[in-house]
2 protein chains.
Amino acid sequence: MDRIDAALVDALQHDSSRPVAVLADAVALSPSACHRRIRALEEAGVISGYAARIDPRRIGLAVEVFVEITLTSQSREAMDRFERAVGDFDDILECHLMSGGADYLLRVAAADLDQYDHIHRDCLARLPGVSSMRSSFSLRRIKRFAGYPVPRAVRP
Amino acid sequence: MDRIDAALVDALQHDSSRPVAVLADAVALSPSACHRRIRALEEAGVISGYAARIDPRRIGLAVEVFVEITLTSQSREAMDRFERAVGDFDDILECHLMSGGADYLLRVAAADLDQYDHIHRDCLARLPGVSSMRSSFSLRRIKRFAGYPVPRAVRP
DNA sequence: GCTTATAGCGGGAAATTATTGCGTGGATCG
DNA sequence: CGATCCACGCAATAATTTCCCGCTATAAGC
C-alpha cells in the first residue's frame, strides 16, 4: 500500500468505469502493472467490490431518514436478536451500534412519508427489544458520499 | 423503468463487475438489449456512475463518527456559507440538512481518536456559524450500505 | 380491417479492453 | 559481490463491450 496504491484506490472510489489504460496513465504506470495492483488490492480486501451509484430519487425514493433506537435491554442476547432482525429488512439501508445517547443509528429510505409510515409500522416496529425510536428526516442532501479520504501512504 | 430495469439496477448496485452477458442471462435478455438498457439508465441519470467499494479499515480508517451540528443562525446566508464550507473538507464524507433537533448531520471518518481530535479542531471547528456540535461514534457497523431497495416497477 | 410508424429485441461483426506469460532491471540481504 | 526477490514493461491472447442490421410486436391512423 504505497503512494500508487493510494492513488488507485482514490481514483477507483470515484469512478471505476474507466479502462485500466487510462488509470495506468494517471498513476504513471503500465497497464499491466496497474492491473496487477488492482487485483492485489481486491485480493487484500481493500477493494471489496464494485457497484453502480444510483440516484435514489430517480427510482422513486424521495425520503431518507435517520432513526435513533434505544433498546429496553443492553444484554448481549437482546442486542444479538436486534442486530439479526435488522439484516432481514431491505428498507434498512445501514445500521450502526453507537456510543452516546441512543444504542443504534439506522438509515432508512422510502418513497414518501406515507411509505415511511408503513415501514415504521411494519418493519421498524417489528424489531425486537426496542424501547424508543426517534426519526430525523433528511431535508436535503448537502454532500453525498463519494469515497473515503485515502491516507497519503499506508506503507511507503 | 419496468421490471427488467429494476432488476438491472438492483443487480448493478450490488455488483457492477459482472459481464453484461451474465447480467443479460439473469434478466432473461440478450446481451445487446441488456447493454442498451444499462446505457439508457446511465443517460437517464438513474445510474450516475460506478465506484469501487472499499473497506475503510484496510486503509487505516478505524473510526466513523456522526456529528450533529446546530448553527447560531438559520438565515439563508449562514446556511449557504456553512454548506459551501462543508464541501471543502474531504474528511466530511457526507452531510444532510435535517429536520428535528439539530440543523445538520455530518458523517466523518478518521484513522483513530487522535486524528478525529485533529479533524474536530482543524476542520469541524472551522465551519462557519456553528453553535454546537455533538459527536456520536459508531462502535460497530451492523449493516453496511449495499444499495437502495428498488421498487418492483416504477412504470410497467 | 389493413397499413404504417415506433419501439424494443436478437444476432453477429468489429473495436476496445482485460488478462496472462515472459524477460529484465533494481533493490535487499546474506 | 553475488543470489534472490519483487515489480515493472512489452507483447500476445482472451474476453468483453459496442455498434449495426434486420425482425417482430404493439398501437395508432386511415
Going by the rule side-chain contact (heavy atoms from CB on, under 4.5 Å), which residues pair with B:Ile4 if we only count those two or more places apart in sequence or in a different chain? B:Asp2, B:Leu8, B:Val27, B:Leu29, B:Arg37
Stepwise, does the side-chain contact (heavy atoms from CB on, under 4.5 Å) test hold for A:Ser135 with A:His120? CA-CA 9 Å; A:Ser135 298; A:His120 198 278; 4.0 Å; yes
For residues A:Tyr116 and A:Phe137, establish whether the separation of their ring centroids is below 6.0 Å. yes
Verdict with reasoning, B:Tyr50 to B:Glu42, per side chain to side chain donor-acceptor pair (under 3.5 Å): CA-CA 10 Å; B:Tyr50 298 88; B:Glu42 289 165 4; 2.7 Å; yes
B:Asp122: side-chain hydrogen bond (donor to acceptor under 3.5 Å, both in side chains) partners, not counting sequence neighbours: none
Give, ordered by number, those residues of residues 36-55 of chain A having at least one heavy-atom distance below 4.0 Å to an atom of DNA chain C; if nothing qualifies, reply none. A:Arg36, A:Arg39
Any chance CZ of A:Arg76 has more than 12 other-residue heavy atoms, nucleotides or ligands included, within less than 6.0 Å? no
As a check of understanding: the bend across the helix from C:dG1-D:dC30 to C:dG30-D:dC1, end axes from five pairs, rounded to 10 degrees, works out to 30°
Once rounded to the nearest 0.5 Å, what's the spacing between atom CE of B:Met79 and atom OG of B:Ser75? 8.5 Å
Roughly how far, to the nearest 0.5 Å, is the CG atom of B:Asp103 from the CG atom of B:Leu71? 4.5 Å
If you walk 5' to 3' along DNA chain D, what is the first nucleotide with an atom under 4.0 Å of a heavy atom in chain B, and what is the last? D:dT16 to D:dC20
Find out whether B:Tyr148 and B:Val9 are in side-chain contact, i.e. whether some heavy atom of one side chain is under 4.5 Å from a heavy atom of the other. no
Nucleic acid contacts of residues 25-35 of chain A, taken as heavy-atom distances under 4.0 Å to DNA chain D: A:Leu29, A:Ser30, A:Ser32, A:Ala33
CD1 (A:Ile142) and CG (B:Leu97) are apart, to the nearest 0.5 Å, by 5.0 Å
Shortest non-hydrogen pair, A:Arg144 vs B:Ser48, comes out as NH1-OG, 3.7 Å
Can you establish whether the number of heavy atoms outside A:Arg57 located under 6.0 Å from its atom CZ is more than 12? no
